[in-house]
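Both ligands and their constituent atoms are indexed starting at 1 by order of listing.
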Amino acid sequence: MADIRNIVILTGAGVSAESGLATFRGPDGLWEGHRVEDVCTPEALVHDPMMVHRFYDERRAKLALVKPNAAHAALAALDRAWPGALLVVTQNVDDLHERAGSKRLIHMHGELKSALCAACGSTAAWQAALPPGSKCAGCGQPKLRPAIVFFGEMPYEMDVIEAALDEADLFVSIGTSGVVYPAAGFVQIARARGARTLELNLDRSAGRSYFQECRVGPASLLVPELVRELTGRQAID
Ligand code: APR
């Protein structure tokens, strides 16, 4: 790992699993009792806004009951220690990366602790329940919705992400099944640029063949190990 300067790290639900947050495509295929497609689409928001808002209210409330795990802590330590470019791109909408201390972070699928105005496009920090018809402080319209990127909508900050991938010497994917694009295609962009590609996952993902190396195991063990390799430090501070 000696010749690595610029790193991009993609995380998915698997990095938060050991904190107690459900992944999406677990054995039962339901996400906290719902089919993902029933609560994560613009159509669902129109068809049953109360169900969609309530679903995200429940997940937002759950954040107070969980805390970052060793994988989040290790990535935050890497953020503090890494002298080169580092960008953590998370598909997760929880706040565990930032609570662990990560700064160089993008939530490409949005955040539970944020509300989006469907009228003016502004976002605002949001901690409590967000009932349908909540008013935007900016434009006054009763059009606030969860600031979550639904299926069929464009993820956030794709230009920044693609620019970072173009410069990456190392691309690491952690705790994601590799089935949802554009995130699932990042490894191919990085490889085309000549970056080294590494997957850390509890089992081999759908995109495993694109990675030069796959390490199988829990993120709470594999991520601190990787950070020790990258920083050359046994103790992760
Ligand atoms: N450590 C590492 N990996 C784990 C762990 C763990 N403790 N537990 C589970 N995993 C792995 C699973 O093996 C699986 O490959 O994490 C992955 C989680 O996959 P998904 O549930 O599909 O979640 P994710 O890949 O983040 O989903 C991507 O899909 O529904 C959309 O927008 C949603 O951001 C989400 C996107």
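In this view, E162 and M158 satisfy the side-chain contact (heavy atoms from CB on, under 4.5 Å) rule, not counting sequence neighbours.
Looking at P218 next to ligand 1, no N or O pair under 3.5 Å apart turns up. At least one N/O-N/O distance between A13 and ligand 1 falls below 3.5 Å. Not a single N or O atom of N92, backbone or side chain, sits closer than 3.5 Å to an N or O atom of ligand 1. Considering backbone and side-chain N/O of G12, none are found under 3.5 Å from N/O of ligand 1. By the 3.5 Å distance cut-off applied to N or O atoms, L200 is not counted among the residues near ligand 1.
With a heavy-atom cut-off of 4.0 Å, A17 touches ligand 1 through its side chain alone. Contacts between T23 and ligand 1, counted as non-hydrogen atom pairs separated by less than 4.0 Å, involve both the backbone and the side chain. Using a 4.0 Å cut-off between heavy atoms, E18 contacts ligand 1 through its side chain alone, with no backbone atom that close.
Shown here is K113, whose NZ atom has more than 12 heavy atoms of other residues, nucleotides or ligands within 6.0 Å.
Side-chain contact between L105 and T90 is present, with heavy atoms from C-beta onward closer than 4.5 Å. The side-chain heavy atoms of I4 and W82, taken from C-beta on, include a pair separated by under 4.5 Å. Side chains of F171 and L198 form no contact here, defined as non-hydrogen atoms less than 4.5 Å apart.
Using a 4.0 Å cut-off between a side-chain N of Lys or Arg and a carboxylate O of Asp or Glu, D57 and R60 qualify as a salt bridge.
Residue A219 has at least one heavy-atom neighbour below 4.0 Å for each of these atoms of ligand 1: 1 (N), 2 (C), 6 (C).
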